[in-house]
Each structure stands twice: as structure tokens, then as C-alpha cells.
Protein chains: 2
Amino acid sequence: MTATNGGPTPGSDATGDRPGAGTDPARSDTVAVVVRQWRAVHPELDTGPMEIIGRINRCAALLQQAEDAPLRRAGLSRPEFDLLGALRRTGHELTPGELARETFSSGAAVTKRLKQLTERGLVERRGDTRDRRVAHLRLTEAGRDLVDGILPEQLAYETSVLSALSSESQGELAGRLSELLSRLESQMHALRA
Amino acid sequence: MTATNGGPTPGSDATGDRPGAGTDPARSDTVAVVVRQWRAVHPELDTGPMEIIGRINRCAALLQQAEDAPLRRAGLSRPEFDLLGALRRTGHELTPGELARETFSSGAAVTKRLKQLTERGLVERRGDTRDRRVAHLRLTEAGRDLVDGILPEQLAYETSVLSALSSESQGELAGRLSELLSRLESQMHALRA
DNA sequence: AGCATATAGTTTACTAGTGAAATATACGTG
DNA sequence: CACGTATATTTCACTAGTAAACTATATGCT
């Protein structure tokens, strides 16, 4: 992802700032600076995709960094919380394979996390009676309480972070992202099939 | 990031689908399913932030997975390419510290990457004459050629992925993301100060 | 000048994730 | 019913990143 390639760009300040070129977003974030640098070096390339992909990556990185804080207070990493959250929100037991799909992780990673979370008494394991290859995982009381305790904090924090955007902006952004995401997901699905 | 917590949600299909609730985006992506699950379990919580943050994270994950492919063909990881790209787009030498800031990595990670990239003959190191603590890195001829060879491929690929969105959608999305990103970045800056 | 403190970068010990191989079990078919 | 193949999960060897300690150098104050 070329577009990811971006940074705060401390010193350098390329000039050439001229509006109306394609998807020029006027506002100056770090991605805009990076795009300007690339255009200065490779004027022949269409840097349009960077404006979207670079920003998505950058936003994701910033949001994660900020939002991992509440989790760490609870002694959880995000992947761990995602796993617990999957169990909580589905409301029923899940197999390791299902958990891997839900959290977009490899099976090996899920195995490791489950080991730790089980040792910490947050999840319980039960073997399937019919098919002895599969296991069923569920939250313990403590695990459920932990998730339910963290979730409101997290949402409150997220709300405050996003409050920098007007309600209209938020709705618009959510809609566009949903549009992109659903297309990406069906592309993915098509590729694998 | 609670909102990240999401998955393809294979089996389960919570029902309650009623439009017009806050930032309801109509289109059904995996994040929408996850949000519906959370609402079913915790109806009292405002799940609005998930609609944005969850989608940003999900999009970032999907885009990265897809786009890392061209890089891997060239034998580079994304962080490595980001480092090389920073050198290429700024057009001048950078110190390890500057590279760390440009690529949002830790200093230690940059040190490791530089070691590898130097061994591969893609970057060169030069000591500062005045301040002997600092080093200056620049691309070798081979490094520059590699970046210049990969970049167009990457942009072309990104263009094709995003072509699922109309030009208007793309512009709108880039603008909203830029708005969010610049606010996030100034929040960040404010926090550290 | 001499010492305290700040800064740049590297090293170290450790952690978490990955892909591939291994293990265990189930299923389908002749 | 036995065998080959598919599936679920774990294990293993390895890689990359991190935070904290460490080294080397510079800067400022008295």
C-alpha cells in the first residue's frame, strides 16, 4: 500500500498547492503532505488513491493507538478483547475456527490467545460430544463482566474522539465507508470463490 | 477500539434491522452485522462510533492484505517499503529519528530495518560530521530503482480496487477522511503538548 | 573547564504473530 | 468396513516489533 506510506513530515514542506486537482480535499493533514511530496517526485503518477487509502490507514493507526489505552488499563490487548467481544456479542459458544473468522486472525493466533485467556479464567472450553475435533468456547462470568465493564468506557471514548466531526459529517463518513467496505468485501469474496 | 471488534459473522444473523436509527448506512457490510449484535446484547449503549471506527479498521485491514501482495513480489514488507518511500519522496537524506517519525515506527524498529536494507544494498549510511551521534541515510541507485518500479504498480492496483466507488464517492470519502484525520492529528498534537 | 542533563541511536530480552507441518478425527465411497 | 481425503485444531520454528536499558555524544550552566 503505497498510500500508507506517510508520516508527520516534520521539516520538509513541498510547495505546489493548487486546488481543484481531482480529489483535492483542501484541508491539510499529513497525508496531503505526503501526496504532495510524491507528486513533486513523480508528477506523471495518479496519486488519487493515496488520498483515500493513505488516510484510512493513518486514521486507523491513530484511532487504535488512542483507543488501546482503555484496554491496557484492563490488562487486555486489542486482539484479546476482540476475541472476548466476539463471544459476548454473538451470545453463544464459538469454536476456535469461528473465532478466527470473527476476529480475522489466524488459527494459530487464536489458539495462543485462548490459552492465555483460559488461564486467566476469562473463557471456558468444552469439547464437542459428536465431533471430537472441535472445541466450544464461552465466556466465564468474569470474562463477561470484564467485557461489559470495558465496552461502555470504550464507546464513550470513541464518541468523544469523533465528536470533532459534526453529526452530518459522521453520518456521511459512515455511509461512504460502508459503501467502500461492502464493495471490498464482495471483491474479496469473489476472489476466493 | 471496541468498534474494531468485528468479523465476517458467518452463521449468526441477528434480526432487528430498522433504518433511520442515527447513522444507519442501509448497506450491509460485516460491521453492520457486528453492530447489530452488540445492540441486541446491550440496547442501552450508543453504538454510533462503531459505524465509523469499525469500518475504518476493517477497510484498513482488507486494503492492506490485498495491497501487500505487490510488495511481497518485490521481497519487501510494507514497513520496509514505507521506509524506502520516505527517503524517496522527501528527496533528501534522513536520520534514523526522522525516518521513525515519517513511518510512525519506533526507533528500534527503524534500526532493525535499516540494518537489513543496508545489507541488501538498498540504502546507504553516512555519519554526520558535526554531531557524531547522528547518521544520515539515503537510497542507493538500486533502492531508488526498486521504489520507482513498485510505486506505479501499487498505484494502479489501488486505483482498480477503488474503482468500485464512483468518482464522486471517492472525492466525498477522501474529503471526509481528511476532515477526520486533520482533527485527530491536531488532537494528538494537543495531547502531547 | 567540569559536571548535569538532554539527545541520537543501538542493543537486549521478551512477546506475539505467522506459515507450514503435525495430530486427531470425521466423512464418503467402493 | 477399510481407505483416502477433508476438516479442526494445535505445535513448531521463525520473524518482527516493543519497551527499557545502554552507549556515545552534545549542550548548557556555574
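Order of the sequence lines fixes the chain letters, A, B, ..., with proteins taken first and strands second; residue numbering starts at 1 for each chain.
Ionic pairing of A:R138 and A:E93 is present here: one or more N-O contacts between side-chain nitrogen and carboxylate oxygen are shorter than 4.0 angstrom. Salt bridge A:E172/A:R176: present, at least one basic N to carboxylate O contact under 4.0 Å. Ion pairing of A:E179 with A:R183 is present here, as a side-chain N (NZ or NE/NH1/NH2) and a carboxylate O approach within less than 4.0 Å.
Between the CD atom of B:E98 and the C1' atom of C:dT7 there is a distance of 14 Å, rounded to whole Å. Protein atom CG of B:L99 is 15 Å distant from nucleotide atom C1' of C:dT10, rounded to whole Å.
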**Study point:** Test side-chain contact (heavy atoms from CB on, under 4.5 Å) applied to A:E98 and A:H92, step by step
**Key:** CA-CA 11 Å; A:E98 287 168 341; A:H92 52 74; 5.6 Å; no

**Study point:** Audit row: A:V33, A:R36, side-chain contact (heavy atoms from CB on, under 4.5 Å) steps and yes/no
**Key:** CA-CA 5 Å; A:V33 176; A:R36 238 181 283 142; 4.2 Å; yes

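With hydrophobic clusters built from ILVMFWY side chains whose heavy atoms lie under 4.5 angstrom apart, B:L165 shares a cluster with A:V31.
Between chain A and DNA chain D, the heavy-atom contact criterion of under 4.0 Å yields a 5' to 3' nucleotide range of D:dA6 to D:dT11.
Of the listed residues (B:R120, B:R72, B:R113), just one forms a salt bridge (Lys or Arg N to Asp or Glu O under 4.0 Å) with B:E80, and that residue is B:R120.
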Point to revise | Protein proximity profile, nucleotides 13-25 of chain C - base contact B, sugar-phosphate-only contact S, no contact -, cut-off 4.0 Å on heavy atoms | key: ---SBBB----BB

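Judged by distance alone, the side chain of B:R55 and the main-chain N or O of B:E51 form a donor-acceptor pair under 3.5 Å.
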